[in-house]
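Side chains included, hydrogens not; waters and symmetry mates left out as well; all remaining heavy atoms used. Computed from a predicted model, the values in this text were never measured in an experiment. Naming convention: chains lettered A, B, ... in sequence-line order (proteins, then strands); numbering from 1 in each chain.
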Amino acid sequence: MKPSIPKGTRDFSPGEMLKRNYIFDTIRGVYQRYGYEEIETPSMENLSMLEGKYGEEGDKLLFRILNSGDPFEKYRLAHLEIKNSDVTEKGLRYDLTVPFARYVVMHQNEITFPFKRYQIQPVWRADRPQKGRYREFYQCDADVIGSISLLNEVELIRMIGDVFDALKIDVSIKLNNRKILSGIAEVIGERDKIIDITVAIDKLDKIGLDKVNEELKMKGLSETAIQQLQPIIKLSGSNENKMESLRQVLKNSETGLKGIAEMESILNMLQISQKVKDNIELDITLARGLNYYTGAIIEVKVNDKRSSFTSSICGGGRYDDLTGIFGLPNVSGVGISFGADRIYDVLEEVKGFPDFSGISTKILFVNFGEEEARFCLQLLDRIREDGIHAELYPDAAKMKKQMSYADAKKIPFVALIGTEEMKNNEITVKNMSSGEQSKVTMDELLHLLK
RNA sequence: GUGAUUGUAGCUCAGCCGGUUAGAGCGCUAGAUUGUGGAUCUAGAGGUCGUGGGUUCGAGCCCCAUCUUUCACCCCA
């Protein structure tokens, strides 16, 4: 039997877990500092909670769980045609936002609004794996639900700034607003094609202006509409300049102007923050996750030349009425989500992880036999009391093997306790990097290890 | 879903035009060293060549299918 793991999944070895936890701890720390509270939801949801929430494309990428037992049996015996809904009623969660919406509706009586929650858990998508894309990956979400104040947007963006500041990743935070996009579609008379328009414009960096226009034409936009779009696509300059141009274009769209007002308000409040104010960019081509966003849209891209990542490592936005589909209307939410797995890959590329050598075992006790090992146990208790990471080799194996173990685990000190040391109540300690060796008391050892 | 790409020892990879017994480095085990790791030297173990089928006198190499790896598109974190 050759061992294997499913496509698009990965094992995480001790060295990788140190790095992953560094990312999770950093994000968790920022979330807590801003007053967000943690929740968890089950890895599986009822399919009725998931289906239809992520668009047609999303439904195809849902992992469905086969009902237990032999769900096909009765249909086979009766020679009936089998439908998906007959044999599967649960699925793995696709993101953390929809389960959160379900949670809010189910727990609305216990929740004090506005509710600020964070959630760090894996999600699953039956995607074809490729660079920065896995079938199982972690999302780190923070959302505020039950408040329409733009201060929430500002706070979340500052949190993004704090996280990447702590991780020492240079990023640019792109900002857009769904209402501005709606206004644009409205003004050029193609209100229904808003998704097609934004998806096409989103590709500007990648495929260039000509190809974008080609795609717009293919999607059925009129020639005049495409012409009207040109100044918007080519929008450039400072955030203020862009906003001024947009105000001209959208002067007849109530929705569009509302979007601009929101954007202006958010940008103004962000000027107070030294950390993020220079990294914020109004980007009209930003169009992800349009399925439920209704106001601000946020996306973060790496700004480091050493990184080959062009896709986003963090995203978010406002969604009015997300809980409406679960029977709780008029509750507005806004949230962000960090893609921990992509951040990991970026940090790997830019060599941005700190040194973790301080976390591992500080001292290994060599095992010379049953009696000696028993003696070591009390010493270990004393050492661990002081919070020092210490271990005893489990077998009375050859010295060479035990020393090699310490070497491989990069343990800086080895303690040798034989009959001689037991009798004199002393510890022979060896410094593995210098090779020096000396006899010390417990107090001296504790001092040495600190 | 579309188009490429990959798979040979625990790991990284050679393997000619299809030809006899499939190799290297690292790692592992043992020894040189009876209470001392890294360096060096010696010896040893370790393979259904991803899997299934086919072509051939003969397949790691050619053909088909399938799984897997990586990448681009679609879409997305």
Taking only the C1' atom of each, what is the distance from B:A72 to B:U29 in whole angstrom? 45 Å

Main-chain N/O of A:Ser182 paired with A:Thr255 side-chain donor or acceptor, under 3.5 Å: no

Rounded to whole angstrom, note down the P distance from B:C13 over to B:U6. 13 Å

Just jot down the ring pair (Phe, Tyr, Trp, His ring centres under 6.0 Å) partners of A:Tyr36, sequence neighbours excluded, or say none. none

Give the residues of residues 13-29 of chain A touching RNA chain B, defined as any heavy atom closer than 4.0 Å, sorted by residue number. none

Check the geometry between A:Phe338 and B:A77 and answer yes if their rings are stacked (centres below 5.5 Å, planes below 30°), otherwise no. no

Work out how far the P atom of B:G37 is from that of B:G31, and round it to whole angstrom. 12 Å

Expressed in whole Å, how much space separates the C1' atoms belonging to B:G46 and B:G27? 11 Å

Kindly state each residue pair satisfying salt bridge (Lys or Arg N to Asp or Glu O under 4.0 Å) with at least one member in residues 119-128 of chain A, sequence neighbours excluded. A:Asp127-A:Arg133

Write out all pairs satisfying ring pair (Phe, Tyr, Trp, His ring centres under 6.0 Å) with one or both partners inside residues 127-151 of chain A, taking only residues at least two apart or from two chains. A:Phe24-A:Tyr138

Produce a footprint string for nucleotides 25-38 of chain B: one letter per nucleotide, 5' end first; B if the base is under 4.0 Å from any protein heavy atom, S if only the sugar-phosphate is, - if neither. ----S-S---BBBB

Is it the case that the side chain of A:Asn239 and the backbone of A:Ile280 share a donor-acceptor pair, with hydrogens and angles ignored and the cut-off at 3.5 Å? yes

Show the atom names and distances, to 0.1 Å, of all donor-acceptor pairs under 3.5 Å that link a side chain in residues 371-382 of chain A to residues at least two apart or in another chain.
from     : atom 1 : to       : atom 2 : distance (Å)
A:Arg374 : NH2    : A:Glu370 : OE2    : 3.3
A:Arg382 : NH1    : A:Asp386 : OD1    : 2.9

Sequence-distant partners of A:Phe326, ring pair (Phe, Tyr, Trp, His ring centres under 6.0 Å), two or more places apart: none

A:His107 meets the ring pair (Phe, Tyr, Trp, His ring centres under 6.0 Å) criterion, sequence neighbours left out, with A:Tyr103

Can you tell me which stems RNA chain B forms when a stem means 3 or more consecutive Watson-Crick or G-U pairs under 3.5 Å? B:1-4 with B:70-73, B:10-13 with B:23-26, B:28-32 with B:40-44, B:50-54 with B:62-66

From the list A:Arg318, A:Glu262, A:Glu153, side-chain hydrogen bond (donor to acceptor under 3.5 Å, both in side chains) partner of A:Asn177 resolves to A:Glu262

When you compare B:G3 with B:C49, how far apart are their C1' atoms, in angstrom units rounded to a whole number? 28 Å

My understanding is that only residues two or more places apart in sequence, or in another chain, count here; which of them pass ring pair (Phe, Tyr, Trp, His ring centres under 6.0 Å) with A:Phe63? none

N/O donor to acceptor pairs below 3.5 angstrom from side-chain atoms of residues 416-423 of chain A, sequence neighbours left out:
from     : atom 1 : to       : atom 2 : distance (Å)
A:Glu421 : OE1    : A:Gly418 : N      : 2.9
A:Glu421 : OE2    : A:Thr428 : OG1    : 2.6

P atom, B:C67 versus B:C76: distance in rounded Å? 26 Å

Pairwise C1' distance, B:C11 and B:G54 [rounded to whole Å]: 33 Å

Counting primed atoms, P, OP1 and OP2 as sugar-phosphate and everything else as base, the B/S/- map of nucleotides 68-75 of chain B against protein heavy atoms under 4.0 Å is SS-SBBBB

Interatomic distance, A:Glu56 CD vs B:G1 C1' [rounded to whole Å]: 12 Å

Between B:G35 and B:A43, how far apart are the two C1' atoms, rounded to whole Å? 26 Å

Indicate whether any N or O donor in one side chain lies under 3.5 Å from an N or O acceptor in the other, for A:Ser13 and A:Asp11. no

For a quick check under 3.5 Å, do A:Asn213 and A:Gln230 share a side-chain donor-acceptor pair by atom type? yes

Going by the angle between their ring planes, with limits at 30° and 60°, are A:Tyr31 and A:Tyr118 parallel, tilted or perpendicular? tilted

